[in-house]
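Read through the structure below, which is laid out as structure tokens, and then see the notes.
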Amino acid sequence: MEKILRRLTNELEALAQQGLYRRPVLRDNSNRDFINLSSNDYLGLASSKFAKKALIASIKKNQVGAGASRLVTGNFKSITDAEREFAQFFRYEDCLFFSSGFQANTGLISSLFSSDDCVFFDKHVHSSMVFGLEGSPATIKSFKHNDLEHLDKRLEACNVAGQKVVLTESCFSMDGDCPDFEALARLKKKHNLFVIVDEAHSFGLLGEKGCGLAGDVADIAVGTFGKSYGHYGAFLLLPTHIKEYLINTSRPLIYTTALPPYFGDFALRLLRKSATMEKERATTLELAAYLKKRLQSEGFSVAGDAHILAIEIGNEARAAEISKQLLDAGFMAGAIRFPTVPLNKAIIRVSLNCGLKRTQIEKFCDYLAQYIRDI
């Protein structure tokens, strides 16, 4: 025990010296006055009266817990009914719910491929995808972030007996940028690709009625309830045959307690509500476009094609200090550091939501610009 604690202490001290030590901000009712520029609650559903009432109504109709894994006694009709409607809404053959986005990605990617397959992943995909790849027997190759020419060259050079697979995101969680899906569709046809797209940060907000960006390009799409839908959990949109395969082989699904039966009813209420929220979607994207323009006018280097913006800082310790000063001034805007982003490529990540006001965005820009000038 003593040796382990000594090693952990040394490693934590090293993280602190590199500006990589994390201390989560404690949230309670006293935080209500903060201008939250870090939340993924893009449509404001997490704190809405609608969601609270819908959750209470859903719980009243169902028991609170599943009591077992899905393969034992946890395969509730309320969940399968919700999966069916999600598949219809997003125009996929089927749907499979998971307890988290991390579980969905790892459960899918670690289970689906064989040693005959070759998986090509964008270097900036989410850690959960990378973790799933580490458990896969497939040959694994990366390609430069959103560089489909590089992907094309790598695909040309690859000769495998099985399937060529591409993993990407529709809106990258840290960079905030989006792939060229028309170009990806051409590559899919050219190389007979199987494509998996993580739409966690798109579903609910981007595309028609919040249906995302990948369209017909994705053979499987990954969505979460923890972003635009304001709750927790995740889902895969996929062919029925693959769903059946995952139910029988995916360890993260098989060996975990199933989602509670109220979840299916609540998820449907959230989906149906979000489909009507065109005003909220437009407001969020307008605020993001305005913020990006303002930041660039102040001389900041800013990436992001939609509601997620990455303000380039570079040094990890400097990014952490800027985030701390922003918090002291009443702004929640997180410093994203290695290993989430490459070393010495730290950013201040800003994600917009429909509850923000333009005056708050202006206040944030003014403070950040003045702080940077003063140091």
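Worth knowing before you read on, the calculation uses all heavy atoms, side chains too, and leaves out hydrogens, waters and symmetry mates. Starting from 1, each residue takes its place in the sequence as its number.
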Identify, with sequence neighbours excluded, every residue that meets ring pair (Phe, Tyr, Trp, His ring centres under 6.0 Å) alongside F98.
none
Mind checking whether F90 and F235 have ring centres under 6.0 Å apart?
yes
Quick one: pull up CZ in R7 and CG in L12 and give me the separation to the nearest 0.5 Å.
10.0 Å
Residues R358, E362: salt bridge by 4.0 Å N-O rule
no
Determine, using ring centers only, whether F331 and F364 are less than 6.0 Å apart.
yes
Quick test of your reading: applying salt bridge (charged side-chain N to carboxylate O under 4.0 Å, His left out), list the pairs with at least one residue in residues 109-125, sequence neighbours left out, ordered by first then second residue.
none
Basic-acidic side-chain contact under 4.0 Å: K190, E156:
yes
Flag this pair as yes if the NZ/CZ of K227 is under 6.0 angstrom from the six-membered ring centre of F203 and inside a 45 degree cone about the axis; otherwise no.
no
Hey, can you pull the donor-acceptor pairs under 3.5 Å for the side chains in residues 205-216, sequence neighbours left out?
none

Are the aromatic ring centres of F172 and H145 under 6.0 angstrom apart?
yes
So CZ of F266 and CD1 of I56: to nearest 0.5 Å the spacing works out to 10.0 Å
Salt bridge between D366 and R294, side-chain N to carboxylate O under 4.0 Å?
yes
Could you tell me the separation between the CG atom of N10 and the CG atom of L15, rounded to the nearest 0.5 Å?
11.0 Å
Can you tell me which residue pairs pass the salt bridge (charged side-chain N to carboxylate O under 4.0 Å, His left out) test with a partner in residues 68-86, sequence neighbours excluded?
R70-E83, K77-D81, D81-R84, E83-K243, E85-R272
Validation row, ring centre F263 to ring centre H231 under 6.0 Å
yes
Does this structure show an ion pair linking E321 with R318, if we count only N-O contacts that are shorter than 4.0 Å?
no
I'd like to check the ring pair (Phe, Tyr, Trp, His ring centres under 6.0 Å) partners of F131; sequence neighbours left out, ordered by chain and number.
F102
Verify, without hydrogens or angle tests, whether S351 (side chain) and S38 (backbone) share a donor-acceptor contact under 3.5 angstrom.
yes
Qualifying residues under salt bridge (charged side-chain N to carboxylate O under 4.0 Å, His left out), relative to D305, sequence neighbours excluded:
none
Stepwise ring pair (Phe, Tyr, Trp, His ring centres under 6.0 Å) check, F225 with F97
CA-CA 10 Å; F225 295 103; F97 283 7; 5.3 Å; yes
